[in-house]
Amino acid sequence: MKWLIVVIGVTALLIASSRSTPGQAGKTEITKWQYGKSGAVSLTYDDGSINQFRVAVPIMDTFGFPATFFIITGNVPGSRYHGTFVGRPTRAIIQETATVLTSKDNFFERASAIGFLGYKGTLEYHSRAGELYDEGKNQDQASRVLDEAYEKVRRGDFTPVKVREGFPQDGNNITWDELRSLANRGYEFASHTVTHPRLAVLDDANLVYELEMSRQEILDHLGFKHTFSVECPYGTEDERAVRAALLRYQVARNLMPDRDVDDLDRSSNTNPVGSHKEYVRWQRGPLTETPTELMKSWVDKTAAQGNIWLVLVFHGVDGVGWKPKTGAELRDYFGYIHSKEQSVWVATFQDVAKYIRERQHGGITTYSDGEVISVVLRSDLTDLSYDLPLTLKTYVPKEWSAVEVRQGERTQHVDVIRANDADYVLYQAVPNAESVMLSRAAPKG
Ligand SMILES: [Zn+2]
């Protein structure tokens, strides 16, 4: 063991003493965006409605675009976890509502249980109370909605049902088999909870159930890679809900608390051009009435500004789902984004989040002896998810016109880019893996 330390010490000394190559050859940086582009665009879809797959996917395929789908796992046929109430018997809760009004002491339990009492029509009261609380912070009004609902339950106003509410019965849902084949083609799937509730009004046990069981379902059907991202329904910014989500997923679309990221959500009117942070995560939600010209201007800004990650949030497509866009509009818009691909990197939600974090947590050491430049790319991110290759830019000697880049088993041949001040190459490297070796190569035919 002692010998190993001595050897490492000597190597370090050699590296330090032989850095004085002429000019700046060997100098290396991680480019701000993948492939040295000027910004990023992520296409994201919420709720998993059927035309996202039947209409939007074939259009995206023609452009080779990846995308991210936030799916409600309880809606997919064959899922193990469905909407339920986690807690004491609901009969006891109903009985109690006859004598005790809803207050802060029982609000969350009652809001969690109301949709899952076994009656048709009660889930709507969860949504109404949840909206009042989540968007207006009005717990009193929300409590009265629950009182009304439980009174109706006690009076027998609702019809008992055997089948859970919210469970698909029209046979028009995407299956896990189809999702798996889309996942194999590079599409990202992500959690949009089990039943799409108002998380802000769930008690801790039910909040955890919605977040963890949807993650488990996705893990079982699609694998670890698709457990990276989450979107808490209705774009909630409720602190307790979002904090719980961020404990269980690497990234939430609701909030990206990273220090170097300005986070502008869908409802924000702040112009991203005014941001001076390293990155701006700019979310825009195209709705039925949103003009395509406005949508195109978001892409233009992303291409021009340099620090924008444009996150587009789509819901319905061709008449199915909330505020749908038509397939024709999507084809036109995606064609426009495709025409800007020289400047913008189109990538899944998780890939852009990974790129930003790996770069922010990355460190580079280089060594050059004139013949070979070796580059070590390290990152202090410990989670195994962070294995996305990054784009490195390394300056090379004037005489080089093409470079062979080797990292482990992988070899890339890249041409030297001649710039005013220096000559450099762009290539891909994985952090926390083998050293990258750059050597002079014959120019490509
Ligand atoms: Zn949703």
Side-chain angles (χ1 to χ4, degrees), residues 46-48 69-94 96 102 104-119 122-131 133-134 142 146 149-150 161-168 173 176 179 189-224 226-255:
D46 285 13
D47 310 337
F69 297 89
F70 292 91
I71 55 169
I72 305 162
T73 57
N75 279 2
V76 184
S79 283
R80 202 169 135 197
Y81 303 102
H82 296 282
T84 189
F85 172 68
V86 182
R88 59 187 173 135
T90 51
R91 179 185 295 270
I93 296 171
I94 296 168
E96 198 175 87
T102 305
K104 64 177 172 28
D105 300 323
N106 54 37
F107 176 77
F108 294 96
E109 182 186 59
R110 289 184 185 183
S112 304
I114 188 67
F116 303 111
L117 300 176
Y119 299 102
T122 59
L123 193 58
E124 190 199 319
Y125 288 83
H126 161 83
S127 304
R128 269 171 57 194
E131 185 179 358
Y133 177 88
D134 200 10
L146 292 176
Y150 280 99
V161 279
K162 283 207 178 90
V163 184
R164 303 167 197 91
E165 275 193 274
F167 189 73
N173 284 277
W176 284 115
L179 294 182
F189 293 92
S191 171
H192 202 27
T193 72
V194 176
T195 70
H196 204 278
R198 286 279 179 177
L199 291 177
V201 296
L202 297 188
D203 62 21
D204 287 351
N206 288 283
L207 174 60
V208 167
Y209 177 87
E210 286 282 345
L211 292 168
E212 285 191 353
M213 295 306 106
S214 57
R215 185 186 183 281
Q216 187 62 45
E217 193 83 72
I218 291 174
L219 179 68
D220 291 347
H221 290 280
L222 304 177
F224 176 70
H226 300 274
T227 62
F228 193 86
S229 315
V230 66
E231 163 70 359
C232 301
Y234 305 100
T236 185
E237 297 191 349
D238 179 74
E239 210 189 309
R240 186 177 64 105
V242 174
R243 204 184 326 117
L246 286 172
L247 285 173
R248 292 164 177 86
Y249 297 85
Q250 289 294 324
V251 67
R253 212 185 57 207
N254 309 73
L255 176 76

Asp238 vs Leu199, side-chain contact (heavy atoms from CB on, under 4.5 Å): CA-CA, chis, key distance, verdict: CA-CA 8 Å; Asp238 179 74; Leu199 291 177; over 6 Å; no

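By the side chain to side chain donor-acceptor pair (under 3.5 Å) test, His196 is found to be paired with Asp47, His192, residues two or more places apart in sequence or in another chain being considered. Every residue meeting the side chain to side chain donor-acceptor pair (under 3.5 Å) condition with Tyr125, not counting sequence neighbours, appears here in chain and number order: Lys152. Taking the side chain to side chain donor-acceptor pair (under 3.5 Å) definition, one finds that Ser127 meets it with nothing, sequence neighbours left out. Partners of Glu109 under the side chain to side chain contact (heavy atoms under 4.5 Å, CB included) rule, at least two apart in sequence or in another chain, are Phe85, Arg88, Ile93, Asp203. Every residue two or more places apart in sequence or in another chain that forms a side chain to side chain contact (heavy atoms under 4.5 Å, CB included) with Ala142 is listed here: Phe107, Ala129, Leu132, Tyr133. For Tyr150, the ring pair (Phe, Tyr, Trp, His ring centres under 6.0 Å) criterion is met by no residue, not counting sequence neighbours. Applying the side chain to side chain donor-acceptor pair (under 3.5 Å) rule to Tyr234 yields no partners; only residues at least two apart in sequence or on another chain are considered. Scored by the side chain to side chain contact (heavy atoms under 4.5 Å, CB included) test, Val242 finds Leu246, Asn254, Leu255 as partners (sequence neighbours excluded).
Side-chain atoms of Ile218 and Thr73, non-hydrogen and from C-beta on, do get closer than 4.5 Å to each other. Between Thr90 and Phe116, the closest side-chain pair of non-hydrogen atoms is not below 4.5 Å. Side-chain contact check for Glu96 versus Arg110: some heavy-atom pair is nearer than 4.5 Å. Within the 4.5 Å cutoff, no side-chain heavy atoms of Ile114 are placed close to those of Tyr119. Using a 4.5 Å heavy-atom cutoff, the side chains of Ser79 and Trp176 are in contact.
Sequence neighbours left out, the pairs with a member in residues 226-236 that pass salt bridge (Lys or Arg N to Asp or Glu O under 4.0 Å) are Glu231-Arg253, Glu231-Arg266. Listed by first and then second residue, the salt bridge (Lys or Arg N to Asp or Glu O under 4.0 Å) pairs involving residues 204-213 are Asp204-Arg240, Glu212-Arg248 (not counting sequence neighbours).
Rounding to the nearest 0.5 Å places CG of Leu117 at 4.5 Å from CD1 of Ile94. Separation of atoms CG (Leu146) and OG1 (Thr102) is listed at 5.0 Å; rounding is to 0.5 Å. Distance check: His126 NE2 to Thr195 OG1 gives 6.5 Å after rounding to the nearest 0.5 Å. To the nearest 0.5 angstrom, Glu131 atom CD is 5.0 Å from Arg198 atom CZ. Between the SG atom of Cys232 and the CZ atom of Phe70 there is a distance of 10.0 Å, given to the nearest 0.5 Å. Put simply, OG1 on Thr84 and CE on Met213 are 11.5 Å apart, with the number rounded to the nearest 0.5 Å.
The only option from Val194, Val230, Asp220, Thr227 that meets the side-chain contact (heavy atoms from CB on, under 4.5 Å) definition with Arg215 turns out to be Thr227.
Among all heavy-atom pairs drawn from Ala111 and Val201, the shortest one is CB-O, 3.4 Å. When all heavy atoms are compared, the tightest approach of Asn173 to Pro77 is CB-CD, 3.8 Å. Between Tyr209 and His82, the shortest heavy-atom distance links the atoms OH-O, 2.7 Å.
Side chains of Ser214 and Ser191: a donor-acceptor N/O pair is present below 3.5 angstrom, by distance only.
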